[in-house]
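If you read the sequence from its start, that first residue is 1, and numbering goes on from there.
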Amino acid sequence: MDVQSDIGLTAYLVNESRARREDLAADPLARAWISEKDRGAVRDLWDEFAGSVYPHDDLVVSLRGRIILETLTQALEKRSDTVLVVCGAGFSSYPWLLPFAAAMEVDLPDMVAAKRRRAAELRAAGVLDQREVEHIAADLNDPGAQRRLLDRIRRFAAGRPIAFVAEGLVFYLPPEQARAVVGLGVAAGPQTLTMISYWPLAAADHPVLSAQRRWFRKRSLPEDASYLTTSELSAVLGAPVENHSTEDLQHRYLGEVVVPETELIPEHVAVAGR
């Protein structure tokens with residue numbers, strides 16, 4: 001397992017962040033996704049990132065996962081036949097935390113192989129329930145891959161409502177491709193609930209983001225980032241956007257602002273649709 005050198009490392013950082021704040025993230029499966037053999041290397045990577053760049057990734061990642069999980073729960077309460085599509089799935093647990101009729105997880109090929117392999121191990125060990133989960137390998141920086149994925153989502157949904165999540169992804173894509181990925185869910189079906197985590201345009205010069213990009217560039221991640229506004233998101237999704245900032249989410253789940261947004265990577269979560 002190489003957690004040091006490419007964009008796949010973000011999945012390991014995110015998983016460690018959720019595992020460190022399991023109660024806040026409401027993800028009791030987070031610790032299971034990385035084997036004990038590999039967990040030490042992941043902890044070391046997280047500690048390096050925290051020590052040299054950013055010590056609050058566990059807070060922000062857990063908050064975003066919590067609002068997504070809560071929103072997905074509400075979607076299932078309205079329509080139990082809702083299907084789940086997660087782009088940039090990494091080691092997320094949503095298909096096993098909630099009783100979706102079916103789920104699709106999309107990520108880069110190496111990440112999909114690692115997730116599929118670990119999911120099989122955890123099913124065999126009785127940690128994961130048997131669920132209908134499709135693991136799809138796709139480079140969403142490629143417009144052709146986006147078109148093929150859109151066709152696949154339509155067939156997968158088969159007229160059922162869609163809960164579409166793009167988490168920790170769109171800011172690593174060029175602006176045009178970021179907007180295209182944002183709109184994949186609504187393009188697949190009119191009964192779509194969309195949840196997007198994104199960096200707001202107003203944060204483009206945020207000092208924590210600048211430090212993060214310098215650290216990531218050493219590990220071959222894209223040099224530039226994409227930033228979005230709620231008006232852009234609303235235009236792509238064809239619906240008003242409910243926006244959740246890191247400070248809003250701290251009030252919601254912690255009862256107070258523990259860390260001001262000036263000290264956090266300002267990853268907001270936008271929700272639109274049914």
Side-chain angles (χ1 to χ4, degrees), residues 1-50 57-58 61-62 64-66 68-69 72-73 76 82-140 145 149 152-153 155-156 163-169 172 195 197 219-221:
M1 180 194 69
D2 180 7
V3 301
Q4 292 286 339
S5 62
D6 62 29
I7 199 164
L9 71 86
T10 62
Y12 292 91
L13 287 172
V14 166
N15 176 264
E16 178 65 13
S17 290
R18 283 191 172 137
R20 290 183 183 221
R21 301 292 293 266
E22 179 182 306
D23 289 346
L24 180 58
D27 185 357
L29 296 174
R31 291 184 183 277
W33 285 111
I34 308 301
S35 68
E36 285 304 309
K37 172 176 67 73
D38 293 327
R39 179 62 72 180
V42 175
R43 288 195 189 104
D44 290 346
L45 178 71
W46 196 98
D47 288 340
E48 179 195 342
F49 181 55
D57 196 59
D58 54 344
V61 163
S62 297
R64 90 182 183 201
R66 182 68 171 274
I68 290 171
L69 185 65
L72 291 174
T73 300
L76 278 173
T82 297
V83 298
L84 173 65
V85 177
V86 184
C87 288
F91 291 109
S92 64
S93 305
Y94 305 123
W96 293 272
L97 294 175
L98 295 169
F100 282 99
M104 174 187 290
E105 294 195 324
V106 183
D107 216 314
L108 292 168
D110 287 350
M111 186 65 242
V112 165
K115 181 70 171 288
R116 185 185 290 122
R117 181 171 58 250
R118 186 59 177 163
E121 292 171 353
L122 294 176
R123 282 195 299 271
V127 176
L128 294 184
D129 296 334
Q130 295 291 336
R131 299 289 174 94
E132 183 184 341
V133 183
E134 292 189 22
H135 301 280
I136 308 299
D139 180 356
L140 294 179
L149 178 60
R152 191 156 190 168
I153 293 171
R155 295 195 301 273
F156 171 77
F164 178 82
V165 178
E167 181 180 7
L169 168 67
Y172 296 124
M195 286 148 281
S197 77
R219 292 158 174 83
S220 303
L221 266 74

Considering all heavy atoms, the nearest [X]-[Y] contact:
X      : Y      : answer
Pro109 : Ala137 : CA-CB, 3.8 Å
Glu105 : Ala89  : CB-CB, 3.6 Å
Arg31  : Ala19  : NH2-O, 2.8 Å
Met195 : Leu72  : CE-CD2, 3.4 Å
Arg21  : Ser62  : CB-OG, 3.2 Å
Val127 : Ala32  : CG1-CB, 4.1 Å

To the nearest 0.5 Å, what is the distance between [atom1] on [X] and [atom2] on [Y]?
X      : Y      : atom1 : atom2 : value
Asp27  : Leu69  : CG    : CG    : 8.0 Å
Ser92  : Leu97  : OG    : CG    : 9.0 Å
Arg117 : His135 : CZ    : NE2   : 12.0 Å
Arg118 : Ser35  : CZ    : OG    : 5.5 Å
Glu22  : Asp58  : CD    : CG    : 13.0 Å
Glu134 : Ile153 : CD    : CD1   : 10.5 Å

Please tell me if the side chains of [X] and [Y] come closer than 4.5 Å, counting only heavy atoms from C-beta onward.
X      : Y      : result
Asp38  : Arg43  : no
Arg152 : Ile136 : yes
Asp107 : Leu140 : no
Met104 : Leu149 : yes
Glu132 : Pro95  : no

Item to check | Under the ring-ring contact (aromatic ring centres under 6.0 Å, His included) test, residues paired with Phe49 that sit two or more places apart | outcome: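 Counting only residues at least two positions away or on another chain, Phe49 forms a ring-ring contact (aromatic ring centres under 6.0 Å, His included) with Trp215, Phe216.
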Next on the checklist: Set out, in order, the CA-CA distance, both residues' side-chain angles and the distance that settles side-chain contact (heavy atoms from CB on, under 4.5 Å) for Phe164 and Cys87, then state yes or no.
Outcome noted: CA-CA 8 Å; Phe164 178 82; Cys87 288; 3.7 Å; yes
Checklist entry - Which residue pairs satisfy the side chain to side chain donor-acceptor pair (under 3.5 Å) criterion with at least one member in residues 94-104, sequence neighbours excluded? => result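 Listed once each, the pairs are Arg18-Tyr94, Tyr94-Glu167.
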Checklist entry - Any salt bridge between Arg39 and Glu16, counting N to O under 4.0 Å? => result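 Here Arg39 pairs with Glu16 in a salt bridge, since their nearest N and O are under 4.0 Å apart.
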Item to check | Working for side-chain contact (heavy atoms from CB on, under 4.5 Å), residues Leu128 and Leu29 | outcome: CA-CA 8 Å; Leu128 294 184; Leu29 296 174; 3.8 Å; yes
Checklist entry - Is there a side-chain contact (heavy atoms from CB on, under 4.5 Å) between Val106 and Val86 once you walk through the steps? => result CA-CA 6 Å; Val106 183; Val86 184; over 6 Å; no
Checklist entry - Once the angle between the rings of Tyr12 and Phe91 is folded into 0 to 90°, is it parallel (under 30°), tilted (30 to 60°) or perpendicular (over 60°)? => result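 Rings of Tyr12 and Phe91: perpendicular, over 60°.
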Checklist entry - So Arg131 and Phe100, side-chain contact (heavy atoms from CB on, under 4.5 Å) or not? Walk me through it. => result CA-CA 8 Å; Arg131 299 289 174 94; Phe100 282 99; over 6 Å; no
Checklist entry - Is a side-chain N or O of Ser197 found less than 3.5 angstrom from the main chain of Gly168, in a donor-acceptor match? => result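 A pair under 3.5 Å: yes.
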Next on the checklist: Quiz question: by atom type and distance under 3.5 Å, do the side chains of Asn15 and Arg20 form a donor-acceptor pair?
Outcome noted: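 The criterion, which ignores hydrogens and geometry beyond distance, is not satisfied for Arg20 and Asn15.
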